[in-house]
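Remember, it's 1-based here, ligands and their atoms both numbered in the order they're listed.
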Amino acid sequence: YRSPKVTVVGAGNVGGMLAQRIAKQNLADVVLYDIVQGKPQGIALDLLQAHTISDLDRQIIGTNDYSDTKDSDIIVVTAGLPRKDGMSRNDLLRINASIVKDVVQSTISLSPNAILLIVTNPLDVMTYLAWQVSGLPPQRVIGMAGVLDAARFQTFIAMELKISSADIYTTVLGGHGDLMLPLPRLSTVNGVPITELLSQEAITRLVERTRNGGAEIVQLLQNGSAYFAPSAAVNVMVESIISDRHRVLPAAAYLTGEYGLRDIFMGVPVQLGRQGAEKIVELKLLDEELAALHASAASIQANINLL
Ligand code: APR
């Protein structure tokens, strides 16, 4: 038996927190890679010592040497610049594209059987790029955003209704940007659509806040972007893949005609297991919902074309 191995590229806020979550849940050994000398080694030592206190003993290695990532089961890419106040995710396009390209080329040759999980923004475009550079079958390349966006919507509904978030289920489709599509009609409290529980005004407000969920935090922090929830979202995806749970989670997956879209990565409900994106779930959408989804896809496509 060989322990599962997850490489996290980028030992920044999201990467460090993700390494902690994976090891804490005993999911896999973790290799934390960063381009900055000493940073991943320092974080790995700090994490190991924290886990010693908590009686955990998963391997966590920090490195600046890609050869340590060999034979990973999953490679998570968080390397790149995060947003600053006033920046959109698209402002990161060029600089993060060159980073993601370099990271994918350097890792995938050493771990040809790995599944790539992309976190770097602008998410949907970076996931497409990673797929192209990797040469992997599209099922083995997945982008994290939907779990986070759905959780944000869920949190805001819980705050508004003053109930536990545990009883709320939300659906968010589309790109991880201003045109993402939180779907109130398919978001429920124990099966009851929120359209029956909240006023139209409240729903519009919560949808808007969800779309701006990342920017709201960037603005509050002034110097940094969200990482507790993003790392929790990646961790849930890692768990479904490593443990072959076949959970249906919203994530950026490769579309081949689903929702009338093809040759694009975008947020849809997708079944995640050892094979990667095993199956895309096609929800029945109303005409205006489908039109909004296509508008989101068009904006992703425009950025892919820019690259
Ligand atoms: N190779 C490896 N690591 C790199 C490279 C590279 N070419 N370029 C940058 N990095 C590392 C940085 O040294 C840093 O440690 O990526 C890390 C990014 O960490 P943070 O700046 O803390 O950013 P974080 O908040 O973790 O966000 C990472 O996720 O949500 C997205 O928009 C966000 O694209 C950003 C990414």
Side-chain angles (χ1 to χ4, degrees), residues 7-22 30-44 46-47 61-69 72 75-110 116-130 133 142-149 151-152 175-178 180 212-235 237-238 251-252 267 303:
T7 286
V8 179
V9 183
N13 284 333
V14 177
M17 187 61 63
L18 175 64
Q20 186 200 23
R21 292 183 191 282
I22 291 171
V30 180
V31 175
L32 201 50
Y33 175 96
D34 203 281
I35 198 166
V36 176
Q37 302 287 319
K39 185 176 187 181
Q41 293 87 341
I43 288 174
D46 193 10
L47 279 175
I61 296 170
T63 184
N64 308 115
D65 180 353
Y66 274 118
S67 66
D68 289 322
T69 70
S72 295
I75 296 162
V76 183
V77 181
T78 77
L81 299 190
R83 274 199 286 176
K84 298 203 170 62
D85 194 16
M87 281 175 99
S88 82
R89 293 184 181 92
N90 288 339
D91 292 334
L92 302 169
L93 188 67
R94 270 172 217 290
I95 173 87
N96 281 355
S98 72
I99 293 173
V100 166
K101 191 173 167 203
D102 170 54
V103 168
V104 170
Q105 277 168 344
S106 307
T107 50
I108 209 67
S109 51
L110 293 161
L116 274 175
L117 274 184
I118 308 301
V119 183
T120 307
N121 276 313
L123 191 272
D124 308 87
V125 187
M126 291 304 114
T127 307
Y128 188 90
L129 176 72
V133 172
I142 307 158
M144 186 293 292
V147 175
L148 172 63
D149 295 329
R152 284 179 171 152
H176 187 48
D178 302 339
M180 80 173 69
N212 294 321
E216 181 179 2
I217 290 172
V218 170
Q219 203 177 8
L220 287 167
L221 294 179
Q222 285 298 310
N223 186 12
S225 60
Y227 59 98
F228 288 105
S231 58
V234 187
N235 185 59
M237 295 171 69
V238 167
N303 277 314

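More than 12 heavy atoms of other residues, nucleotides or ligands lie within 6.0 Å of CG in Asp102, so this atom counts as buried by the packing criterion.
Side-chain contact between Thr120 and Ile99 is absent, with no heavy-atom pair separated by less than 4.5 Å.
With respect to Ile142, the side chain to side chain contact (heavy atoms under 4.5 Å, CB included) criterion is satisfied by exactly one of Leu117, Leu116, Thr127, Ile118: Leu117.
For the residue pair Ser67 and Asp65, a side-chain donor N or O sits within less than 3.5 Å of a side-chain acceptor on the partner. Thr7 and Thr69 share no donor-acceptor pair across their side chains, judged by distance under 3.5 Å alone.
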Distances under 3.5 Å, N/O of ligand 1 against N/O of the protein: list each pair and its distance.
| unit_1 | atom_1 | unit_2 | atom_2 | d |
| --- | --- | --- | --- | --- |
| ligand 1 | 13 (O) | Asp34 | OD1 | 2.7 |
| ligand 1 | 13 (O) | Asp34 | OD2 | 3.4 |
| ligand 1 | 15 (O) | Asp34 | OD2 | 2.6 |
| ligand 1 | 15 (O) | Lys39 | NZ | 2.8 |
| ligand 1 | 22 (O) | Asn13 | N | 2.9 |
| ligand 1 | 26 (O) | Asn13 | N | 3.2 |
| ligand 1 | 26 (O) | Val14 | N | 2.9 |
| ligand 1 | 32 (O) | Asn121 | ND2 | 2.9 |
| ligand 1 | 34 (O) | Leu81 | O | 3.3 |
| ligand 1 | 34 (O) | Asn121 | N | 3.2 |

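Applying the salt bridge (Lys or Arg N to Asp or Glu O under 4.0 Å) test to every pair with at least one member in residues 212-230, sequence neighbours left out, gives these pairs: Arg209-Glu216.
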